[in-house]
Amino acid sequence: TLKILAKTFEIARRHKIMNPELMRATYGKLMWILQDISQLVSEDEINIEVNTPIRTVTSFLKAKNAVELLSDPDIEIATNILVEKTENFVENAEKKKLATKRLITNYSKLISPEEIELIIYSISDFKNAY
C-alpha cells in the first residue's frame, strides 16, 4: 500500500510539473499528506522513500552512461513532430523512422531498444507540449 502511495505522489508530481495550471487544490492536499507522513513516521519505519528525485531523460541517460545520445543529430530527426496535412508528411515520417533505427543500432549496447524508443517518445511529447 505504501509503494502505491509513493508511486501516486510521483505521478502527481510529474503531472503537476507538466501542467502547472491543473490540480491546484488536489496537489496541495497531497503535499499536506506527505508532510504529515514525514512528521509522524520516519522513512526507516515505513521502509519506503516517498520523496524521490524526478526521473528525467538526462538523469536516465547519465545513469546508463549514454548522454551522448542527446547530442546525436538523429535525435532531432527522430523526435520531430509530424503534421499530417503537410505535403512532405510521408517523407518526414520515413526520415523519422530511419533516424530511430540508427539510434537503436548505435546505442543498443548501452541501453535497450525499448528504452531508446521511450526516450524518443518522451522528448517528442515534450516538444509537442511546448
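All heavy atoms count here, side chains included; hydrogens, waters and symmetry mates do not. Position 1 is the first residue of the sequence; numbering continues from there.
- Arg102 places none of its side-chain heavy atoms less than 4.5 Å from the side chain of Asp72.
- Using a cut-off of 4.0 Å between Lys/Arg side-chain N and Asp/Glu carboxylate O, Glu21 and Lys16 are scored as not salt-bridged.
- In this structure, CD on Glu117 lies 8.5 Å from OG on Ser112, to the nearest 0.5 angstrom.
- Atoms CD and OG1, on Glu91 and Thr86 in that order, are 9.5 Å from each other to the nearest 0.5 Å.
- Scanning all heavy atoms of the two residues, the minimum distance from Ala78 to Lys96 falls at O-CE, 2.9 Å.
- Between the NZ atom of Lys101 and the CG atom of Asn106 there is a distance of 14.0 Å, given to the nearest 0.5 Å.
- For the atom pair CD1 of Ile81 and NZ of Lys127, the computed distance is 7.0 Å after rounding to the nearest 0.5 Å.
- Put simply, the side chain of Thr26 never gets that close to the backbone of Met23: no donor and acceptor are under 3.5 Å apart.
- Cluster partners of Ile104, by chain and number: Val57, Phe60, Leu61, Val67, Leu69, Leu70, Ile75, Leu103, Tyr107, Leu110, Ile111, Ile116, Ile119, Ile120, Ile123. The rule joins Ile, Leu, Val, Met, Phe, Trp and Tyr whenever side-chain heavy atoms lie under 4.5 Å apart.
- Taking Ile, Leu, Val, Met, Phe, Trp and Tyr as members and joining any whose side-chain heavy atoms lie under 4.5 Å apart, directly or through other members, the hydrophobic cluster of Val90 also contains Leu82, Phe89.
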